[in-house]
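Proteins get letters first, then strands, A, B, ... in listed order; numbering begins at 1 in each.
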Amino acid sequence: MKTIIRGGRIIDPTNKRDEVAELMISDGRIVSGIEDRDAQIIDATGLIVAPGLIDIHVHLREPGFSWKETIESGARAAAAGGFTTVVCMPNTSPVADSPSTIAWIKDRAAEVACVNVLPSGAISKGLAGEELAPIGSLAQAGVVAITDDGHCVQNNELMRRAVEYARMVGVPVLDHCQDYNLVGNGVVHEGYWSTLLGLPGWPAAGEEAIVARNILLAELCDHHIHCQHISSAGSVRLLREARSRGVKISGEVCPHHIALTDESIQNFDTNYKMNPPLRSERDVAALLEGIAYGTLDILASDHAPHAKFEKEVEFDQAPFGIVGLETELGLFIDLLVHKTKTIALPRLIELFTLNPARLLKLDAGTLANGAVADVTLIDPALEWTVNADNFETLSCNTPFTGRKLKGRAVRTIVRGETVWAL
Amino acid sequence: MNGPQTGGMRWQRKDLLGMRELSAEEITFVLDTANAFKEVGTRDVKKVPALRGKTLVNFFVEPSTRTRTSFELAATRLSADVINISASTSSLTKGETLKDTAKILEANQADIIVLRHSSAGAAQFLAERLRSSVINAGDGAHEHPTQALLDLYTIRQHRGAIAGLHVAIVGDILFSRVARSNIFALLKLGARVTLVGPSTLVPRAFEQLGVAVSHRIDEVLPTVDVVNLLRIQHERQRKEYFPGIGEYIRLFGLTKARAKLLKPDCLIMHPGPINRGVEIDSDLADGVQSVILDQVTNGLAVRMAVLYLCGGIAAR
């Protein structure tokens with residue numbers, strides 16, 4: 001099977017390419033020099049031809065919560081969002097803290113997923129933060145990272161041992177930064193709106209305390225710690241200072257943390273409830289600055305499906321999180337490239353390909369000759385309106401229905417095969 | 001019924017969710033309506049037929065005796081049929097969601113649901129999903145509108161008007177729905193508000209709502225026309241917020257010595273239940289400046305007004 005993608009602008013940051021050229025695929029790999037008459041032609045005039053995008057932070061809910069999402073439906077949602085590779089979080093049931101669960105996820109993904117699904121493993125057994133998960137065995141079973149996402153190891157000594165151990169077996173550590181004592185039962189950003197509405201506040205300091213802890217441990221252990229879903233100005237400041245000294249620390253941004261502020265919670269709509277919470281305009285400005293100056297160099301969705309009946313409850317009792325795979329790229333292109341002009345499109349693609357691939361040492365995110373042909377075609381000027389009814393994900397917990405966006409993926413190719421097209 | 005109307009204003013709301021959403025005109029309208037119902041309580045036959053044939057459900061997911069009783073009496077005086085449901089008798093304890101429980105109540109043709117709930121936003125959650133009238137009887141730390149209305153009514157009864165008065169609210173503001181509803185309402189009617197209490201329970205963030213914050217009660221007391229003391233609940237998971245009751249009394253309690261700082265006509269209010277000897281000296285609670293029992297009596301009239309106004313809209 002041969003394919004020629006013709007007329008598009010190839011943007012491949014990994015190989016420093018940005019040119020209008022043909023991209024050729026044969027037997028699932030990028031090649032050069034195939035003849036027209038053998039090949040299927042895809043007209044990409046006016047489109048961006050990018051390496052398949054990578055989202056390193058998604059919840060696919062299997063095993064254990066298949067009414068929210070399955071590996072199959074979550075992978076379809078990824079494809080519809082332009083992603084060819086996703087990293088799924090270990091807060092499943094059972095928790096992905098044993099090689100057998102990792103093996104099950106990989107087998108299931110091989111069977112039903114239309115994109116590459118890479119599992120992460122737990123830092124601590126049962127995500128309980130009390131004893132180390134078998135990190136070495138998880139690495140052998142094929143996890144690309146360890147994380148207690150949704151939870152956060154509070155015991156600094158245990159976290160130190162986890163980072164040291166992860167360094168030995170060569171897996172990076174991803175951390176959900178939340179100090180339980182400072183955050184308490186907080187559900188929204190502590191500030192004007194929490195004061196007005198009487199909702200328990202989740203102070204920015206609750207994130208920053210753990211970001212600071214992680215900076216210290218990354219230095220102490222000389223190993224990379226990646227801070228997930230950074231939401232506050234203080235975290236950006238801490239990361240900037242540490243990275244300027246060469247500390248192995250990084251941070252990612254989710255679209256909702258730059259698209260919305262805590263003002264959105266005023267009608268107690270639980271589709272605006274996420275963890276960490278939506279913060280102030282000042283925090284949004286700092287995140288944009290962090291993206292512009294490279295302090296925050298990975299973009300991710302924190303795709304967190306929940307069923308309607310689970311979200312349709314009292315605000316403080318609703319689960320945190322929103323679905324994100326199918327709105328993520330559109331929101332980021334619309335906000336970062338078009339509206340705020342924070343970064344140009346090639347840089348945005350870098351944050352979705354080169355940087356996550358480098359962090360997790362993935363064989364992905366490149367259009368080099370011989371590479372696996374995972375490709376995303378993007379129309380950066382296409383205007384569309386978000387409608388949860390059209391989502392591939394099983395859940396519809398999004399605050400973005402009705403939002404008009406400019407830019408989206410129009411075709412997703414995995415191992416040379418089109419798995420989704422608009 | 002043709003929709004309650006006086007003085008050119010027509011009441012438009014089927015629900016009473018909070019004071020923040022009400023205009024000054026609407027607040028005054030409720031207080032004026034309560035005036036008429038106050039008189040009913042002085043009659044030999046304390047009953048009018050305004051809500052005859054209507055069913056009111058007192059749905060108290062969080063325990064309360066005082067507010068529930070007041071709503072029950074108010075509804076009874078308006079000739080409504082009343083049933084009381086508490087968390088322990090509802091299916092919420094069996095895992096049924098709030099939405100489902102409320103839908104069941106509506107399917108049983110409840111006209112008015114009075115909701116007390118521990119979650120902020122719970123009343124709005126119900127109001128958006130039900131045709132029945134929903135009255136917020138306290139949602140988490142968010143709002144307790146009928147308490148604010150009866151407080152305003154009591155102040156107006158004794159001082160004639162709200163505008164221009166200086167009101168101190170003292171105590172656990174952070175966790176208080178009474179404080180928030182009072183702040184919104186008092187500011188709308190032109191009063192000045194100062195919040196007093198330990199910095200942990202009265203964070204500076206409240207200044208953004210348009211009120212003053214003080215941690216020195218002795219400086220505030222001589223300047224106020226009303227002091228509203230909130231119940232201190234040190235026993236309920238608040239141990240990290242201040243060191244203890246003894247220190248609270250020393251720093252913020254309205255003792256006899258401190259009461260001497262008050263203007264002679266300053267009103268002393270308390271939403272109850274009172275901790276005698278904690279937020280207020282026992283004799284002061286029963287003293288000439290105290291209007292605490294007036295608040296209770298006025299609560300009935302105000303709640304009759306609210307049920308009458310909102311129930312009238314729901315019926316149409």
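- Note that CZ of A:Phe268 is 4.0 Å distant from NE2 of B:His142, once rounded to the nearest 0.5 Å.
- To the nearest 0.5 angstrom, A:Glu310 atom CD is 12.0 Å from B:Thr97 atom OG1.
- Here the CG-CD distance, from B:Asp139 to A:Glu314, works out to 11.0 Å after rounding to the nearest 0.5 Å.
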Check your understanding: Going through the checks in order, is the side chain to side chain contact (heavy atoms under 4.5 Å, CB included) test met by B:Gln124 and A:Asp269?
Key -> CA-CA 10 Å; B:Gln124 179 172 341; A:Asp269 182 342; over 6 Å; no
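- Closest approach of A:Leu196 and B:Arg180 over heavy atoms only: O-CD, 3.5 Å.
- Rounded to the nearest 0.5 Å, atoms CD (B:Glu143) and CG (A:Leu197) are 9.0 Å apart.
- For B:Phe125, the part lying near chain A is the side chain, with the backbone staying farther off; criterion is any non-hydrogen pair under 4.5 Å.
- Few gaps surround CZ on B:Arg204; more than 12 heavy atoms of other groups in view lie less than 6.0 Å from it.
- Comparing A:Asp316, A:Thr195, A:Val313, A:Asn267 by heavy-atom pairs within less than 4.5 Å of chain B, the highest count is held by A:Thr195.
- Residue A:Glu281 qualifies as open at atom CD: its count of foreign heavy atoms under 6.0 Å is 12 or below.
- Contacts between A:Glu190 and chain B at a heavy-atom distance below 4.5 Å are absent for every atom of the residue.
- In this structure, chain A has a heavy atom under 4.5 Å from the side chain of B:Arg129, while its backbone stays farther away.
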